[in-house]
Amino acid sequence: MYPLAELAAVAGCKFVYSPELGGHVPLHGERMETSLKGLYVAGNITGIESGLVAMAQGRLAAASMLHAAGLGGAGGEQRVQKAIREVHFARKHALIQFHPGITEARTQLYQQWGQTSGSGA
């Protein structure tokens, strides 16, 4: 449960501090993209959660990367949206909630991402 954030840090990814998410996490949006264009994150580096959430995030990051690169085909955006719903489902049905304020902290993180990235997402 100890996230390995060193690679993202060395790459120059912007980090934010959130005790509810487990400490310093890369600033990222719901599609898992970081402040560095083309760099996506998934798993405990985004906040301490269950293994099922981490796996769902990995699928979301992959779908997001393919779509952003124009390789997702006609259904690319639908695959991203489906993967986002799968992450939400995994979180909602996780057997262990690691911190009671994680939902609010993640919402704040995504808002900060939207303000920083200019996407408003």
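Numbers here simply count residues along the sequence, with the first being 1.
Judged by distance alone, with hydrogens and angles left aside, the side-chain atoms of His88 form no donor-acceptor pair with the main-chain N or O of Glu86 at under 3.5 Å. Looking at Glu33, its side chain never comes within 3.5 Å of a backbone N or O of Tyr40 through a donor-acceptor pair. Proximity of a side-chain donor or acceptor of Ser35 to a complementary backbone N or O of Lys14 within less than 3.5 Å is detected.
Aromatic ring pairs are classed by plane angle as parallel below 30°, tilted from 30° to 60° and perpendicular above 60°; the pair His28 and Tyr110 is perpendicular.
At a threshold of 4.5 Å between non-hydrogen side-chain atoms, the residues Arg106 and Glu20 do not count as touching.
One finds the OG1 atom of Thr116 at 9.5 Å from the CG atom of Leu109 (value rounded to the nearest 0.5 Å). Here the CD-CG distance, from Gln57 to Asn44, works out to 8.5 Å after rounding to the nearest 0.5 Å. Rounded to the nearest 0.5 angstrom, Leu7 CG and Ile45 CD1 are separated by 8.0 Å. The CD1 atom of Ile84 sits 10.0 Å away from atom CE of Met32, with the distance rounded to the nearest 0.5 Å.
Residues Gly58 and Ala42 approach most closely at N-CB, 3.6 Å, considering heavy atoms. Shown here for Ala11 and Leu39, the closest heavy-atom pair between the two residues is CB-CD2, 4.4 Å. Pro26 and Ala8 get closest at one heavy-atom pair: CG-CB, 4.5 Å. A pairwise comparison of heavy atoms in Ser18 and Ala105 identifies OG-CB, 3.5 Å as the closest pair.
The hydrophobic cluster around Val53 extends to none of the other residues, as no ILVMFWY side-chain heavy atom falls under 4.5 Å of it.
Residues Leu21 and Trp113 share a hydrophobic cluster, clusters being chains of Ile/Leu/Val/Met/Phe/Trp/Tyr side chains in contact below 4.5 Å. Criterion: ILVMFWY side-chain heavy atoms under 4.5 Å apart, direct or through other members. Under it, Leu27 and Val41 are not part of a common hydrophobic cluster.
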Kindly list each side-chain donor-acceptor pair under 3.5 angstrom involving residues 62-75, sequence neighbours excluded, with atom names and distances?
residue : atom : partner : partner atom : Å
Ser64   : OG   : Arg31   : O            : 3.0
Ser64   : OG   : Leu60   : O            : 2.9
His67   : NE2  : Glu77   : OE1          : 3.2

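Taking the six-membered ring for Trp and the full ring otherwise, His24 and Tyr17 have centroids separated by under 6.0 Å.
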